[in-house]
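This chain uses plain numbering: 1 for the first residue, then up along the sequence.
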Amino acid sequence: GAPSVFGRPAPPPQTGWERLSELWQRDERDRYPEETVNMFKSAFTGGLVGWLYGGLPAFVSARKAFIERSHGELFQNRADAVQSAHRAGLRSFIRYGWRWSWRVTVFTTIFNVVSSGLSAYRDKTTITHFAAAGAFTGGLFRMHLGLQGLAGGIMLGTAFGIPAGGLLMAFHGLAGENLQEKRSRERRELYERKLAEW
């Protein structure tokens, strides 16, 4: 519920749906929750990694293919030849980098939205949330290949989700508390402070 200006402050969200909707709401300082910011950061990072993963090999192979094809061409000078080879590589870098970039961005975004949504709804973080998010995302990406593709995508997504989730949980374990515990603590402290001010 929305906090009242004159009445008693609203208690922290109690139900899963309230916690889930809170993921997309800004706080008093006009900031999104840390989980939501992390989703944006991982989407950007995934896009960048996908672009490099698809673009760099395409750049190298297109440049090499241009050099092999252009032995009979006449260039004004050596710099013109090198520049033409780099342009051919750059076109491939952009084209193939984009193909990988948007796919990796969508994959990481869906994975993080599902895993963060499950963790917020259940108010705890477990490895099964990451496995379910990986299975959902993998199945979604491979369902156009039919039932076998769907099953393969689910298995591959689960195989990706479990180690990714384990790694994230290990990092949060080193910090002392995971995002849900931190968020619950901050909600409780904010509510107690508002209640004291009231």
Original post:
So, for F111 and F136, is the gap between ring centers shorter than 6.0 Å?
Top reply: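 Ring-ring flag for F111/F136: false, centres at least 6.0 Å apart.
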Original post:
Can the ring centres of F160 and F107 be said to be less than 6.0 Å apart?
Top reply: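 They qualify: ring centres under 6.0 Å apart.
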Measuring from atom [atom1] of [X] to atom [atom2] of [Y], what distance do you get when rounded to the nearest 0.5 angstrom?
| X | Y | atom1 | atom2 | value |
| --- | --- | --- | --- | --- |
| F59 | R91 | CZ | CZ | 11.0 Å |
| I154 | T137 | CD1 | OG1 | 11.0 Å |
| R142 | L147 | CZ | CG | 15.0 Å |
| I162 | L167 | CD1 | CG | 13.5 Å |
| E18 | Q25 | CD | CD | 10.0 Å |
| S116 | E34 | OG | CD | 10.5 Å |

Original post:
Please walk me through it: do R26 and R31 pass side-chain contact (heavy atoms from CB on, under 4.5 Å)?
Top reply: CA-CA 5 Å; R26 296 180 184 202; R31 294 182 312 182; over 6 Å; no
Write down the atom of [X], the atom of [Y], and the distance for their closest heavy-atom approach.
| X | Y | value |
| --- | --- | --- |
| F66 | S84 | CZ-CB, 3.5 Å |
| G47 | S101 | O-OG, 2.9 Å |
| A135 | T158 | CB-OG1, 3.2 Å |
| F141 | R103 | CZ-O, 3.7 Å |
| G165 | I127 | C-CD1, 3.7 Å |
| L23 | E35 | CD2-CB, 3.8 Å |

**OP:** Using distance alone, with no hydrogens and no angle criterion, decide if S119 and H129 have a side-chain donor and acceptor under 3.5 Å apart.
**Re:**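 Yes.
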Under a 4.5 Å side-chain heavy-atom rule over Ile, Leu, Val, Met, Phe, Trp and Tyr, are [X] and [Y] clustered together?
| X | Y | answer |
| --- | --- | --- |
| L20 | V113 | yes |
| L150 | V106 | yes |
| M39 | L168 | no |
| L90 | W51 | yes |
| V104 | L56 | no |

**OP:** Classify the ring geometry between W17 and Y121 as parallel (under 30°), tilted (30 to 60°) or perpendicular (over 60°).
**Re:**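 Correct class here is perpendicular.
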Original post:
Take atom CE in M169; do more than 12 heavy atoms of anything else shown fall under 6.0 Å from it?
Top reply: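 Result for CE/M169: enclosed.
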**OP:** Under the side-chain contact (heavy atoms from CB on, under 4.5 Å) rule, what do N38 and N112 come out as? Steps first, then yes or no, please.
**Re:** CA-CA 9 Å; N38 288 343; N112 283 318; over 6 Å; no
Original post:
Going by an N to O cut-off under 4.0 Å, is there a salt bridge joining R185 and E189?
Top reply: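 Yes, this pair counts.
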